[in-house]
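Note that these values count all heavy atoms, side chains included, but never hydrogens, waters or copies made by symmetry. Each chain gets a letter, A, B and so on, in the order the sequences are listed, and its residues count up from 1.
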Protein chains: 2
Amino acid sequence: MNDKNVRIKDIAQLAGVSVGTVDRVLHNRGKVSPETLEKIMGVLKKKGYKPNLLARTLGSNKKFFIAALIPDPTLDEYWAHSNAGITEAQEEWSHYNIKVGTFYFNLYDKASFAKLAAKVFDSRPDAILASPIFHQEAMLFFKLCSKNNIPYIFFNSNVPEVEPLCFIGQDFYQSGRLGAELLDLSTKASGTFAILHIYEDIHNAIHLAQKEKGFIDYFLEKNNQGFKAISLDYSHPQEPSLEKELLALLTDPKMKGLLVTTSKGLFITASFLEKHGRKDIRLVGYDLLRENIEYLKKGVIDFLIHQNPKRQTALGISYLANYMLFKKTIPNTDLFPLEIITRQNLKTFNI
Amino acid sequence: MNDKNVRIKDIAQLAGVSVGTVDRVLHNRGKVSPETLEKIMGVLKKKGYKPNLLARTLGSNKKFFIAALIPDPTLDEYWAHSNAGITEAQEEWSHYNIKVGTFYFNLYDKASFAKLAAKVFDSRPDAILASPIFHQEAMLFFKLCSKNNIPYIFFNSNVPEVEPLCFIGQDFYQSGRLGAELLDLSTKASGTFAILHIYEDIHNAIHLAQKEKGFIDYFLEKNNQGFKAISLDYSHPQEPSLEKELLALLTDPKMKGLLVTTSKGLFITASFLEKHGRKDIRLVGYDLLRENIEYLKKGVIDFLIHQNPKRQTALGISYLANYMLFKKTIPNTDLFPLEIITRQNLKTFNI
DNA sequence: GCAAGCCATGTGTGCGCAAACATCACGAAT
DNA sequence: ATTCGTGATGTTTGCGCACACATGGCTTGC
């Protein structure tokens, strides 16, 4: 085969037409007779034409604007990581005429989501990356985007009803199973295991339910071996009452381990366990937040499951850029590996 | 600030010179008077000029050739993954005038490495990605490359003496510590733990030593709690003798867990444990090879540590491409996270 | 029968840059 | 004084493509 790249010019020459006609074929701009169309298509396929993407983006002097709609990173450490991923990707794609604008809503305030969504719409973005944590509000907004042909990718949580271009996140069911397994492996004895939902807001109820199902299923499969799994909800935790309830929970001498589904609930539980000196109870939870890391190092938390929020958003921007710039097809869903963090591999994740 | 990108033309205009002069400054091509140089530098800094990398690579119609020197992927599943990463990256960068040529040497044959290295050199590559598993031979060859100003990146193993542009791999010491920790966590009792080196060839002796040190150190820190760590070498394993030796090892009733440092040694050990029904001994090892995955699923292996060979090579190519194309600075070393694989998160790594 | 319209196709320009090429002034050598 | 070299600078071309624009023939309608 010929080593040189085939250009539009070459195709035109081989088909006996001008570059303009080839261009029309490549972009479906019509006004091409069926015969020449067929001829050009033939040559195109035969020579395996691949557009030079550099020249393409250079030539079409388009600017793209991506709006990122995420919770305020200053209010929550987890979202700060998401935000960092956006910043990183922004940097990376700035060369390609891609600009990213961030819109931060209040994690605890549905109304602020709706308000910001309106702002996003007003900014006339070419695409949107969002964490649609308020289901109803998100559904409304992204239906509107759909109508206006604005593509969007979701990360962290999904709203499948509005069919995003892609969902980037984790398999929560499997995540619950993993949590269960880690407790199981690190105890190697039958007993009672609990999954705790400690949250201040309801927006991630769906995740929690899925995690719970995975957790329960895992132990159900071991049912005949004396394992018992229980699930407990602590919404809107006021410190004193929560502590009393947790204490009640731990009166069960068979209690072997806890999986805490929310990252903040985790370090609350950890502090509790530490305070009461319950070293015999294994503790597993989510996310590399500062306090969780501290408790992991101390040995109060045994395993952390990492969601890689930074990579989620960076990939989201990257996908959108590729989609718009290069018409790349992107996967319908991209579920990240469930990464297990312990004391010994923590630093290798250099957070 | 002005929204528009500043171009060379703009800089030239502001400095009252022509684009040619600015170009000379940007590329250190000399022939610029000190005054104009200073003036241009000033404008450059003031306007924060950033070259349009698309236009740059388009304009300088350079082709780059990267040679990848790795063990024959058909002889070993681990290296097949490395090779897959190269293929993937090749695809990704083909648009940017970057071509990758692969050179496969025999993993068990130093001479073939030297021979292939010569071929690599003859191909006059602009850069090299290599796994320098034969220390001496690699040292010789890359000294030559160094003299000829051919940049190179190492992955998997390192030869720091020849100062590669970057080393991509894992922290083997920490990896040994992690292996120890996983055994420790999944037994929660004092006893004897062994690190086993089972290998057919000596080339990765350095890794093994580092892993061993980490392993031993971990348990040393627990010494007062009745932990004991031993290390055993089984080079050139002939199945019968190896089995006998392993059997001898397991007569110690206190034996709680094994860390096997080589991926092939791992499934040999697993088959042995399975055969003798030693379910009480925890087994930890390396790499997502087909057989290891089987034993993980069966529960014979408890944890696998993933080295992500595919991502190592893909990143290596990516680094070299960025280095040559965009003059991007790349890190001196990039140590990958130590990823822990269990039955429950295995599928989320979609190997 | 001739202008208007339209379809199929060809041509030109610019994206931002690298690099070859051109100019020009000034001083040294003949 | 004329030539030549050289350092400093300006000008042009082309990379491969998108897209606006131009052309030219052929069909309509009156």
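- Nearest-nucleotide positions on DNA chain D for Leu58(A) and Lys31(B) put Lys31(B) closer to the 5' end.
- Among the heavy atoms of the strands lying under 4.0 Å from Thr36(B) are primed sugar atoms or P, OP1, OP2 only; no base atom is included.
- Phosphate contact (OP1/OP2 of dC17(D), side-chain N/O of Tyr49(A), threshold under 4.0 Å): present.
- At a threshold of 4.0 angstrom between heavy atoms, the contacts of Ile8(A) are confined to the sugar-phosphate backbone, with no base atom among them.
- Under a 4.0 Å N-O distance rule, the pair Asp10(A)/Arg7(A) qualifies as a salt bridge.
- Within the 4.0 angstrom heavy-atom criterion, no nucleotide atom of any strand lies near Lys9(B).
- Between the Asp72(B) side chain and the Thr74(B) main chain, a donor and an acceptor come within less than 3.5 Å of each other.
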Could you list the protein-to-nucleotides 10-12 of chain C atom pairs, N/O on both sides, closer than 3.5 Å?
from	atom 1	to	atom 2	distance (Å)
dG10(C)	OP2	Ser18(A)	N	2.6
dG10(C)	OP2	Ser18(A)	OG	2.9
dG10(C)	OP2	Thr21(A)	OG1	2.8
dG10(C)	N7	Arg24(A)	NH2	3.3
dG10(C)	O6	Arg24(A)	NH2	2.5

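- Ranking dG16(C), dT9(D), dT9(C) by closeness to the Ala55(B) side chain, first place goes to dG16(C).
- Aromatic pair Phe113(A)/Phe105(A): centroids less than 6.0 angstrom apart.
- Of the listed nucleotides (dT9(C), dC17(C), dA18(C)), dC17(C) has the atom at the smallest distance from the side chain of Arg7(B).
- Nucleic acid contact for Asn52(B): sugar-phosphate only, since backbone atoms but no base atoms lie under 4.0 Å from a heavy atom of the residue.
- Relative orientation of the His306(B) and Phe349(B) rings is perpendicular, given thresholds of 30° and 60° on the angle between their planes.
- Within the structure, a side-chain polar atom (N or O) of Lys62(A) is placed less than 4.0 Å from OP1 or OP2 of dC19(D).
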